[in-house]
Amino acid sequence: MKKNILVIPGDGIGPEVTTWGKTALEKIAEIFGHEFTFDEALMGHAAIEVTGEPLPDETLEKARKSDAILFGAIGHAKYDNDPSLKVRPEQGLLKIRKELGLFANLRPILLFDELLQASSIKPEILRGTDILFFRELTGDVYFGEKTRSEDRNTASDLMIYHRYEVERIAHKAYQAAQQRNKRLCSVDKANVLESSRLWRETVQEIAKQYPDVETEHMFIDNAAMQLIKNPKKFDVVLTANLFGDILTDEASQIAGSMGMLASASVGESTGFFEPIHGSAHDIAGKDLANPLASILSAALMLEIGFGLKEEAKLLVDTIDQVLKEGFRTHDIADQNTNRFKVLGTAEMGKLVIKFLSQKLITS
Ligand SMILES: NC(=O)c1ccc[n+]([C@@H]2O[C@H](COP(=O)([O-])OP(=O)(O)OC[C@H]3O[C@@H](n4cnc5c(N)ncnc54)[C@H](O)[C@@H]3O)[C@@H](O)[C@H]2O)c1
Ligand SMILES: CC(C)[C@H](C(=O)O)[C@@H](O)C(=O)O
Ligand SMILES: [Mg+2]
């Protein structure tokens, strides 16, 4: 299979981890005889420094022409510490999602048995958890009108949804639920918010077209609690942009770390694959970042973007093997024991590639 992949490393730990997602794709191409070609582009702070824009036109053009995008992360402490700055790295990410029509962000909570101990939640609560989040990605308070009064003392962000935006992601989530355990939990705040009442009313309508799927509606505050109390109760979770952003960072603790969760953003055109984590200023440049979320993002690209299930499974199985053999990055190692071989970002990346190469020899 021939594919043209755009790599956008971004800022902070973005480049450190994305290099391993890309190398994993190169190795998969070698093993299975695919022809993947790569191009690279700037976004976020890295792009602002060079062009003054968080999403240069050239990046958007390259993105539109590619078959898939592997993204790292954007963000820089400079902007986080100065809210008055008008041009911000995050604007690049939001714009590319909107421009490419990436309205559905799939965030699987993939729980490796080996990492049951890495979570702060008890293993018996976690074991068997398998959740797929559908986070709406191009609407909500993220894209509604923003205002600031002249005296700067009042600000607002409009939380807005149109019925069609809820319908299209609801269909995707129901179709996924039909292929899984046939349970869908829609999370909103319909007891307070009008946009959530539209959300719930629309999901109730769509649910009638999927009678084989059991639907539950839950308020966001309760969902945040249930996710920790009994994560196994969830199968597909369908939710709005802001709620999905927050719930999935919370859910990363089910999988053991932010460094373990990948995502696929899909919709109208080219798929966009990225870890759920950010540029992590606290560990950037220290060889401490976990590259597995980027490699798992590459696996999602293979599976969801290109329909290459066997190739995706090989990546996931290889990560499983690495973990079974006791290798860990700092974020998933239990610091109180010496049971694990703790590796830096590059060592972990190289090890996954080495294990993949051994598959090449034995295949
Ligand atoms: N998709 C994105 O590009 C994205 C997502 C979230 C945050 N951000 C941006 O990133 C910057 C930092 O934000 P934040 O600190 O709130 O969130 P973050 O996700 O960058 O980091 C949160 C915590 O998780 C840890 N962590 C994250 N990824 C890790 C990895 N791969 N391995 C090990 N530990 C990891 C970090 O060290 C930190 O303690 C901000 O500028 C923010 O806007 C970008
Ligand atoms: C950086 C930010 C704009 C982004 C979001 O809120 O969507 C991030 O937190 C994410 O989860 O991808
Ligand atoms: Mg987030």
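Counting from 1, the numbers follow the sequence of the chain as shown. Both counts, for ligands and for their atoms, begin at 1 and track the order of listing.
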Say whether [X] and ligand 2 are in contact under the criterion: heavy-atom distance to a ligand atom below 4.0 Å.
X	answer
R97	yes
R107	yes
Q91	no

Could you check whether F272 and F71 have their ring centres less than 6.0 Å apart? yes

Under-4.0 Å protein heavy-atom contact, atom 3 (O) of ligand 1: yes

Please indicate whether any nitrogen or oxygen in [X] is less than 3.5 Å from any nitrogen or oxygen in ligand 1.
X	answer
S257	no
G278	yes
A280	yes
I74	yes

Have a look at ligand 1 and work out which part of [X], if any, has a heavy atom under 4.0 Å from it: side chain, backbone, both or neither.
X	result
D249	neither
H277	both
L93	side chain
N290	both

Using a 4.0 Å cut-off to any heavy atom of [X], which atoms of ligand 1 qualify?
X	result
E274	1 (N)
D331	32 (N), 33 (C)
E90	41 (O), 42 (C), 43 (O)
A289	32 (N)
D80	11 (C), 40 (C), 41 (O)
I13	28 (N), 29 (C), 30 (C), 31 (N)

Quick check: does E274 get an N/O under 3.5 Å from an N/O on ligand 2? no

What class does the angle between the rings of [X] and [Y] fall in, given that below 30° is parallel, 30 to 60° is tilted and above 60° is perpendicular?
X	Y	result
H34	F36	parallel
Y174	Y210	parallel
Y79	H45	perpendicular

Close approach, [X] and ligand 1, non-hydrogen under 4.0 angstrom:
X	result
V17	no
H330	no
Y79	no

When you measure from atom 11 (C) of ligand 1 to every protein heavy atom, which one gives the shortest distance, and what is it? S279 OG, 3.3 Å

Atoms of the protein (N/O/S only) found under 2.8 Å from the Mg ion (ligand 3): D245 OD1

Which residues share a side-chain hydrogen bond (donor to acceptor under 3.5 Å, both in side chains) with K189, sequence neighbours left out: D221

